[in-house]
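Both backbone and side-chain heavy atoms feed into the values below; hydrogens, waters and symmetry mates do not.
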Amino acid sequence: MKKAIRSTNDLLLALLMGGVSVFLLTSKKIITGVENGLGGTWAQASTYIHLLAGILLALSVLQLIYAINFKSGGEHKKLRIPISREILITAAALVLYALLLPVLTFFPCTLALNIVLCGTFAMKENQGDPELKGKLPKKQLIAVVIYSVVLTIVLWVLFTQILKCVLP
């Protein structure tokens, strides 16, 4: 079996993406929004869910093809799940965001998420600089906060004013 698979990580990713896409395409538990069909096909949420699920399924097939070793003498890469501080912070921030969004509403939760993620990845970029050693100088911290505020406002305008979505 090892000779048939080039990368176990790619195989696992293809299977997970395929499973999610099949679930989204076949599940009756997905809320589709406009049940009576008013507004046509493009007004229904299910159209976009199925479109994204179809794209995800196509990408999972491509990932599966990439994971298969068509050369008989190719090297097999074992399963390797990288865990880093940035991955853990991002995962924890996204879980907290999902839990706190209905309680604290869109603006404060999204602003806090943007600050945490931008700060985390700015510190990651600073690790290569021997002077900064992975720390955020005051000037960069101010830039992260300003960028996060602007990004949050742009997202709010995009969803509430342009797309007319009701945010929590």
Side-chain angles (χ1 to χ4, degrees), residues 1-33 45-102 104 106 109-137 140-141 143-145 147-148 150-152 154-155 158-159 163 165 167-168:
M1 184 69 167
K2 285 184 180 182
K3 292 181 181 182
I5 300 170
R6 178 180 10 184
S7 171
T8 310
N9 279 13
D10 291 329
L11 177 66
L12 181 62
L13 180 61
L15 293 175
L16 289 174
M17 287 185 345
V20 168
S21 64
V22 167
F23 170 77
L24 290 173
L25 288 169
T26 60
S27 178
K28 301 296 181 206
K29 296 185 182 211
I30 303 292
I31 298 172
T32 57
S46 61
T47 301
Y48 299 102
I49 292 171
H50 291 141
L51 177 68
L52 292 173
I55 292 169
L56 187 64
L57 185 61
L59 290 174
S60 70
V61 169
L62 289 175
Q63 188 74 35
L64 184 61
I65 291 170
Y66 182 76
I68 296 173
N69 189 6
F70 292 104
K71 298 177 184 175
S72 59
E75 181 182 334
H76 171 75
K77 294 180 185 172
K78 294 180 182 178
L79 180 65
R80 182 180 171 277
I81 300 174
I83 300 292
S84 68
R85 191 175 90 196
E86 291 79 20
I87 291 173
L88 293 176
I89 290 172
T90 301
L94 289 172
V95 168
L96 283 173
Y97 181 76
L99 292 174
L100 295 176
L101 186 64
L104 298 178
F106 174 81
C109 282
T110 304
L111 180 61
L113 178 73
N114 286 336
I115 291 172
V116 167
L117 293 180
C118 290
T120 299
F121 290 104
M123 286 191 305
K124 174 74 173 169
E125 284 295 314
N126 291 344
Q127 285 178 350
D129 190 347
E131 291 179 12
L132 297 175
K133 298 177 185 170
K135 302 214 188 280
L136 278 180
Q140 196 174 22
L141 180 62
V144 163
V145 171
Y147 174 78
S148 297
V150 169
L151 179 61
T152 304
V154 167
L155 288 172
L158 175 69
F159 284 109
L163 297 174
C165 294
L167 298 174

Hey, what do you get for [atom1] ([X]) to [atom2] ([Y]), rounding to the nearest 0.5 Å?
X    : Y    : atom1 : atom2 : answer
R85  : T90  : CZ    : OG1   : 10.5 Å
I89  : L117 : CD1   : CG    : 9.0 Å
I115 : T120 : CD1   : OG1   : 11.5 Å
I68  : S7   : CD1   : OG    : 12.0 Å
L64  : L59  : CG    : CG    : 12.5 Å
L56  : L51  : CG    : CG    : 11.5 Å

Considering all heavy atoms of both residues, which atom of [X] and which atom of [Y] are nearest to each other, and what is their separation?
X    : Y    : answer
A53  : S21  : O-CB, 3.3 Å
L101 : F106 : CD1-CA, 3.6 Å
Q63  : L13  : CD-CD2, 3.9 Å
A122 : Q140 : CB-NE2, 3.9 Å
L111 : T152 : CA-OG1, 3.5 Å
A67  : L11  : CB-N, 3.5 Å

Would the number of heavy atoms belonging to other residues, nucleotides or ligands and lying under 6.0 Å from CZ of F159 be above 12?
->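 No.
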Might you confirm whether atom CD of E86 has over 12 heavy atoms from other residues, nucleotides or ligands at distances under 6.0 Å?
->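 Buried by this count: over 12 neighbours within 6.0 Å.
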Any side-chain heavy-atom pair from N126 and P137 closer than 4.5 angstrom?
->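 In short, these two side chains touch, coming nearer than 4.5 Å.
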Short question: side chain of S27, backbone of L24 - any donor-acceptor pair under 3.5 Å?
->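 Judged by distance alone, no pair lies under 3.5 Å.
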Among V150, V144, L151, find the one that has a side-chain contact (heavy atoms from CB on, under 4.5 Å) with Y147.
->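 Per the side-chain contact (heavy atoms from CB on, under 4.5 Å) rule, the option paired with Y147 is L151, out of V150, V144, L151.
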